[in-house]
Amino acid sequence: MERIDVMVSKLIADKTMEQWVKQHPILEEIVYADEVFWPNPAYRMENSKNTLTNADIDDAAERLKRFAPYIAKVFPETMETEGIIESPIKPIRSMQRVMEQKYDVAFQKDLLLKCDSHLPISGSIKARGGIYEVLKHAEEVASKHHYISVDQNYTQFDSDTFRTLFSNYEISVGSTGNLGLSIGIMSAQLGFKVTVHMSADAKQWKKDLLRSKGVQVIEYESDYSKAVIEGRKQAENNPRCHFIDDENSRNLFLGYAVAASRLKEQLHVMDIEVNADQPLFVYLPCGVGGGPGGVTFGLHAEFGEHVHCFFAEPTNSPCFLLGQLTGLQDKISVQDFGLSNQTDADGLAVGRTSSFVGETIRHLLSGCYTIQDARLYALLRDLADTEDIFLEPSALAGFYGPVQLMSQQSGRNYIKKHNLTDKMKQAHHLIWATGGNMVPQEVMQGYYKKGKNINI
């Protein structure tokens, strides 16, 4: 207890830090920004708070199919996939060898990389949920004014008639960067007036890119939560402004969830089946929780108990972990526990989690782990050197998951508890790369150079 003496007197939700640590000993490591691996004790328990169904995911998938001809028309980079916004899966054997040697672990199957870092249009996992919600809102506005019906050709959305209609409406969002990119780019393309409220940690190049698309960017000196609050306030005073709420949006969540059925098809093409004897472990970087939460929801709809999803967060911004661990969700922040919420992983720099997501997937989440910024840069360097794949720092968080699962006692306990010990030789590990290909070359070279100077 010596390490927390200076914080004992601080009350957090009617408990002192000492009381919290007594209840959850792992908190002593978390509050000092140590790397931890936390298996979720609520995994597979009953969850009465989930109101979403597989039919909701199917509805989202059908809507994206309706918009596919329009997407292919206005974003030529999607023509090859006929307007479906999807990313490839790649084995990363050279990186795998480096990780096995560096961390003294062994993986029996190829490590796989899900390259949402290279999704078309906005180059991150946010291209899924963000673009989906904008399209759904556009469909609702157009239907309200009798401009479109679901049996018509959606390429009509690329016309002056529709752009004039949408110019009378506004869309706003609070973002650390990537969600703002996806929503800003898609909204501007359709003709909406769009405002992105960006937190202090958002990278300048993302702000510049949005402004070049005609998006209004409002900057704040505070963190992500402040940007969301201000964006929400703006929308409340304008009945024609649709606020995309990263903390509470079912539409964002379902847009992310659609990834799962497509992933299942991709794995099938690779002759990879997921079943009781061949489990799938998935590692997802996590900010407020919407992206990884939606993907996790979708994956469990496809694979049930045979998929195991772990969320990765920076050591100074483990908001989802704290929300799940304490059960308080968005009632507490990382700052309440003395953490700074300062991290170079800008997309993950979130101090307070989403209660909606936390409650919806509480029984589906296998666990969380944290990773220090220096390790993100070291992994960035190693991936670039071995695979010639360049990701932004936050997108490297997933790589530490399989290492932690195999090397930490808490990870081995998870394997044993869920009767997976004899199945690990047939297990597949999928790392979700969440962003990177839109990073300007000079910025990426700066990331890489920083990684070269780190000895981890």
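Values in this document were obtained by computation on a predicted structure and should not be read as measured data.
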The criterion is side-chain hydrogen bond (donor to acceptor under 3.5 Å, both in side chains); which residues satisfy it with [X], sequence neighbours excluded?
{"X": "K264", "value": "none"}
{"X": "N341", "value": "D223, S317"}
{"X": "R232", "value": "D245, E247"}
{"X": "N437", "value": "none"}

List in chain and number order the residues that pass salt bridge (charged side-chain N to carboxylate O under 4.0 Å, His left out) with D110, two or more places apart in sequence or in another chain; answer none if no residue qualifies.
-> R93
Is there side-chain contact between [X] and [Y], with heavy atoms separated by less than 4.5 Å?
{"X": "R381", "Y": "K450", "result": "no"}
{"X": "Q324", "Y": "Q329", "result": "yes"}
{"X": "I125", "Y": "V295", "result": "yes"}
{"X": "L267", "Y": "L280", "result": "yes"}
{"X": "L210", "Y": "V194", "result": "no"}
{"X": "L376", "Y": "I371", "result": "yes"}
{"X": "F399", "Y": "L383", "result": "yes"}
{"X": "Y447", "Y": "P393", "result": "yes"}

Can you tell me which residue pairs pass the side-chain hydrogen bond (donor to acceptor under 3.5 Å, both in side chains) test with a partner in residues 286-308, sequence neighbours excluded?
->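 Every side-chain hydrogen bond (donor to acceptor under 3.5 Å, both in side chains) pair that includes a residue of residues 286-308, provided the two are not neighbours, is H308-Y414.
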For residues 382-395, which residue pairs qualify under side-chain hydrogen bond (donor to acceptor under 3.5 Å, both in side chains), counting only residues two or more places apart or in two chains?
-> K102-D382, N178-E392, K206-E392, D385-Y448, D385-K452
Checking side-chain polar atoms at under 3.5 Å, does [X] have a donor or acceptor matched by the opposite partner on [Y]?
{"X": "S182", "Y": "R128", "value": "no"}
{"X": "S410", "Y": "N413", "value": "no"}
{"X": "E35", "Y": "T315", "value": "no"}
{"X": "H197", "Y": "E219", "value": "no"}
{"X": "D373", "Y": "T343", "value": "yes"}
{"X": "Q19", "Y": "Q23", "value": "no"}

Full working for ring-ring contact (aromatic ring centres under 6.0 Å, His included) between Y369 and F311 = CA-CA 6 Å; Y369 63 92; F311 290 3; 9.6 Å; no
Salt-bridged, E62 to K65, with N to O below 4.0 Å?
-> yes
Could you give all pairs that pass the ring-ring contact (aromatic ring centres under 6.0 Å, His included) test and reach residues 344-366, with sequence neighbours left out?
-> F253-F356
Could you work out, with side chain to side chain contact (heavy atoms under 4.5 Å, CB included) as the rule, every residue matching [X], not counting sequence neighbours?
{"X": "K213", "value": "I185, L209, V215"}
{"X": "A427", "value": "P279, F281, M424, H429"}
{"X": "A68", "value": "I84"}
{"X": "E273", "value": "H268, N275, Q278"}

Sub-6.0 Å ring centroid separation between Y132 and F67 = no
Passes salt bridge (charged side-chain N to carboxylate O under 4.0 Å, His left out), E86 versus K114? Steps please.
-> CA-CA 10 Å; E86 197 45 73; K114 178 59 173 167; 2.8 Å; yes
Sub-3.5 Å donor-acceptor pair from the side chain of S355 to the main-chain atoms of D330, do we have one?
->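 Flag set: sc S355 to bb D330 pair under 3.5 Å.
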